[in-house]
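Lettering of chains follows the sequences in order, A, B, ..., and the numbering in each one begins at 1. The analysis underlying the following values was restricted to heavy atoms, covering all of them including side chains, and did not include hydrogens, waters or symmetry mates.
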Protein chains: 4
Amino acid sequence: MSDQFKTIGLIGRYTRSTDLIDATLTALHGFLLKRGKNVIMDRGSAEQLSLGNSTLCERNELGQRCDLVIVVGGDGSLLTAARAVVECDIPILGINRGHLGFLTDIHPDDFEKEVDAVLAGEYMEEQRFLLTTSIHDNGKSEIMGDALNDVVLTPGGDPHMIEFETYINDQFVCRQRADGLIVATPTGSTAYALSGGGPILDPNLDALVLVPMFPHTLSSRPIVVNGNHEIKIVISENNQVTPQISADGQNRRLVNKGCEIHIRKKDKRLRLIHPKNHNFFSVLRDKLGWETKLTP
Amino acid sequence: MSDQFKTIGLIGRYTRSTDLIDATLTALHGFLLKRGKNVIMDRGSAEQLSLGNSTLCERNELGQRCDLVIVVGGDGSLLTAARAVVECDIPILGINRGHLGFLTDIHPDDFEKEVDAVLAGEYMEEQRFLLTTSIHDNGKSEIMGDALNDVVLTPGGDPHMIEFETYINDQFVCRQRADGLIVATPTGSTAYALSGGGPILDPNLDALVLVPMFPHTLSSRPIVVNGNHEIKIVISENNQVTPQISADGQNRRLVNKGCEIHIRKKDKRLRLIHPKNHNFFSVLRDKLGWETKLTP
Amino acid sequence: MSDQFKTIGLIGRYTRSTDLIDATLTALHGFLLKRGKNVIMDRGSAEQLSLGNSTLCERNELGQRCDLVIVVGGDGSLLTAARAVVECDIPILGINRGHLGFLTDIHPDDFEKEVDAVLAGEYMEEQRFLLTTSIHDNGKSEIMGDALNDVVLTPGGDPHMIEFETYINDQFVCRQRADGLIVATPTGSTAYALSGGGPILDPNLDALVLVPMFPHTLSSRPIVVNGNHEIKIVISENNQVTPQISADGQNRRLVNKGCEIHIRKKDKRLRLIHPKNHNFFSVLRDKLGWETKLTP
Amino acid sequence: MSDQFKTIGLIGRYTRSTDLIDATLTALHGFLLKRGKNVIMDRGSAEQLSLGNSTLCERNELGQRCDLVIVVGGDGSLLTAARAVVECDIPILGINRGHLGFLTDIHPDDFEKEVDAVLAGEYMEEQRFLLTTSIHDNGKSEIMGDALNDVVLTPGGDPHMIEFETYINDQFVCRQRADGLIVATPTGSTAYALSGGGPILDPNLDALVLVPMFPHTLSSRPIVVNGNHEIKIVISENNQVTPQISADGQNRRLVNKGCEIHIRKKDKRLRLIHPKNHNFFSVLRDKLGWETKLTP
């Protein structure tokens, strides 16, 4: 067994845990102790578990204390965990206990075998980039939380078409009225952006996709640009509602008329771990019901 | 005036020229002679013109004899010219006399001023990549013509759903029944692929997009992959028609059951010249009727 | 001049009137008085005007006191007016001072000629149906305001996928997770539903269209059903947010878990008046930028 | 057992029958004889079977000689059979041995029980309308075969954008360049038109849908019109290829420049028989993979 992962952090679903998540967390906790690992539980995830005298810490300290973090839950749980550990450059592994599993691709029934392989150094590591967003409002600037999936502009509480201008690397793209705009990473291209009519981006493509939501101009289309380009959204003076912006569906913030939102690639990447036999297109086929064999 | 463009080749629309194209070609021919340039006409484009004793040559020799080629026509004319000169690494400039003008972006009424600027060295040069396609059928291989826009698989003469498998860098993506598949470059993403529901790719993005045509599986979506990835299409044994493949709408070829089609980036790039003030998004707004100013 | 329209009501934009609307309202007011008509202004619309001692009344009394109501504004203004007068079975005419004009199709510059024609009995009358919505929550029922365009289910303040079941004439259609659902009339099919990917319904088609918004299941599609069918939406117990429902973007109301929303055609129709030469497809071509002549 | 179906016709797949179809046809043939029915086989379908001295006739005579026709195959087989019997006003029943089964909804494993129920008078009968198409070319008129699904205009052998004008009840809709146009019945709305982005029409809606194929104008959208409206397509003079028209994918015919294609509802309806428990939305859910139960 390789020695690179001595201390392992465990995270479950942050809110609304389920019996299945709890059972897998408990089993995994015991399994790792038996393998001689130091195990540190995210305090929030441990609340409903009876793990005896296990070591606990705050989620955002896990990165500093662990060599590996394992998340039990759905892709949403992994998103939250990823934002918490990305600064510390430690890898993350997901065990699927939710709806879709593009990020959490270990089946809970197989976790012993799969986690053993990872501990033995047999795994694939992918680098996924995140988005960092800053909001410039009347001379003041503010940094929003990171996004592994997407940054989304919406009308906020009172559904209403909103108006905004988009710029790519300071080049004006268009001014539009729409329900909003999704700016997604390749990771996010199979999440919300896909429901909105966006294309699937290969996970290792260095690109962003801008997907207009219910655009008033019917010839609007998703635009895919270089991952190093900066996206700027300017909130129009004509809006009758105050739009809001969110990162991975979290950190909602109102953006006033005249606000500028700057979105660009974060310097630090997420280190995402998969089993050796992981295959993006296989997950895609499975999740989207694509056919593999056709009969006459 | 810069001296880099001493000999200039002229090309019009290959088939079905129009009076407007002919008038612009004639005017441009005279204008360049007055500027002291050697001018060589594409023989096919010169047929309907009365240019006196002008120098003519075959289109595919223009690249070897010229420092610059100017095309008068639509994007389709430029596609054809581009495939003829790309091997020689000489730049190409388009004067628009057709429908859409993503590639041919000089207005015919302004050509004197714009061409003078280019001759003086004031221009933008873009590198656009092309696709090279090989067909492997029962042990024999064959190279198709290059494509600046797209390689398209269709049912051929007898419209009928066809069946094929797609691979990206030898990873199986899916097996599907559809009217066909478009594999487009960023240049081609604003052409046929856009009508088919594909996203717009920024022209300098190093990526390809695969757009399924009328797919039987409703969850099929366009996929954007790294421009260096090789796309492989395998024609299924179940087909009741013999599909055909084409490059930029040309060079149609039947592909039998069991055929493999390999599509990858060509080594040589096209050197495409634009006026200094060229702006992709401005062309896009203009062509797609996107709004720039909205009124309350 | 025909005598059928003796008393005429005038309505402008309810909120945020503009100078242009006010100018047209004032001119129209004078014009109708000169034609010997009794003119009654909607009190809300008259506030910013100086019309001397004009007759005013509340908007929802206009229907009882007038033979015709003229709306100056955009389609949104006409929607609001329509809901106010539909019970009284009096016709409504729109003069366009807004964005889109599917309903308000008289150009303000031509209003004298066009209104004169209408007063002389030269016009087309269309019947447009509305939707009536009732909400059944834990034994209590409540009727919402009418909708000429659409009834829309959304996540409300906190954007989040919602879950619901749809029934058509009590036949179960599906259970889905989505951003929401639009149930639109033919009138509404060219409004919000069109941005959402819905088809255009001919205005006199007796049908409804259900358009899922950003559905999680990618094979979801708009469904067009008989206009006499009742649509039932049941809010799932799994929702983590409380969705809301609105009629023509107004009358928002929260709908709790377990709520049933029943949507069906209202008995009373709106009598919508157009100039004799009105043509739906001509408006469509104009608004959507469809081509009428193509050149080679 | 009800006596209304004394003589029953049997049809398989017209071309490329399969062992499974043949087996079901043979079993069904024996089963009906045992039930005391007169059974007449379609001569084309009987060729590969060894049914002893069974009664044969041409497919298009089956309608005159039978009280009921049973088709074994996929929806394509039923389409072909439907066009053959619709004139005679006899009902048709489908046993599914193909891909999709919107029309052929009896499972081959259950056919004895299901067919017995139908023979006993326990079934649902639906009326599905067909389209009749006439082509007017330079003074000559010609009637095409009927279509239960759709009439489709395509570029024919040489894929190329085509140009045409569309009229609805003699009102000009638009002139467009596209890969073609699908005019579909509600029955056809779940077939080819669905792959092309058309909406699902409830089977008993009296409406047609026009779906543009890969339209050059990006704001083109499917249009749903009253089923009694006549659709007229005029082939533009600008075409460089000769488009072709087909009905249910059959009866292809070239349509020259200037040709007018008139499409309208056929007077005679198809009588389509389903088991008592048939439910359109249930088939839809099954075929499109729509969810019925969602888990948190």
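Atom CG of C/Asp267 has 12 or fewer heavy atoms from other residues, nucleotides or ligands within 6.0 Å. Within a 6.0 Å radius of CZ in C/Arg264, other residues, nucleotides and ligands contribute 12 heavy atoms or fewer.
Most heavy-atom pairs under 4.5 Å with chain D, from the set C/Ser236, C/Ser220, C/Ser219: that is C/Ser219.
Residues of residues 199-214 of chain D having a heavy atom under 4.5 Å from any heavy atom of chain C, listed by number: D/Pro199, D/Ile200, D/Leu201, D/Asp202, D/Asn204, D/Leu205, D/Asp206, D/Ala207.
Taking CD1 of D/Ile223 as the start and CG of C/Leu284 as the end, the distance is 6.0 Å to the nearest 0.5 Å.
At least one donor-acceptor pair closer than 3.5 Å links the side chain of D/Arg285 to the backbone N or O of C/Val173.
Both the backbone and the side chain of D/Asn226 come within contact range of chain C, judged by heavy atoms closer than 4.5 Å.
For the pair C/Phe172 and D/Asn279, the minimum side-chain heavy-atom distance is 4.5 Å or more.
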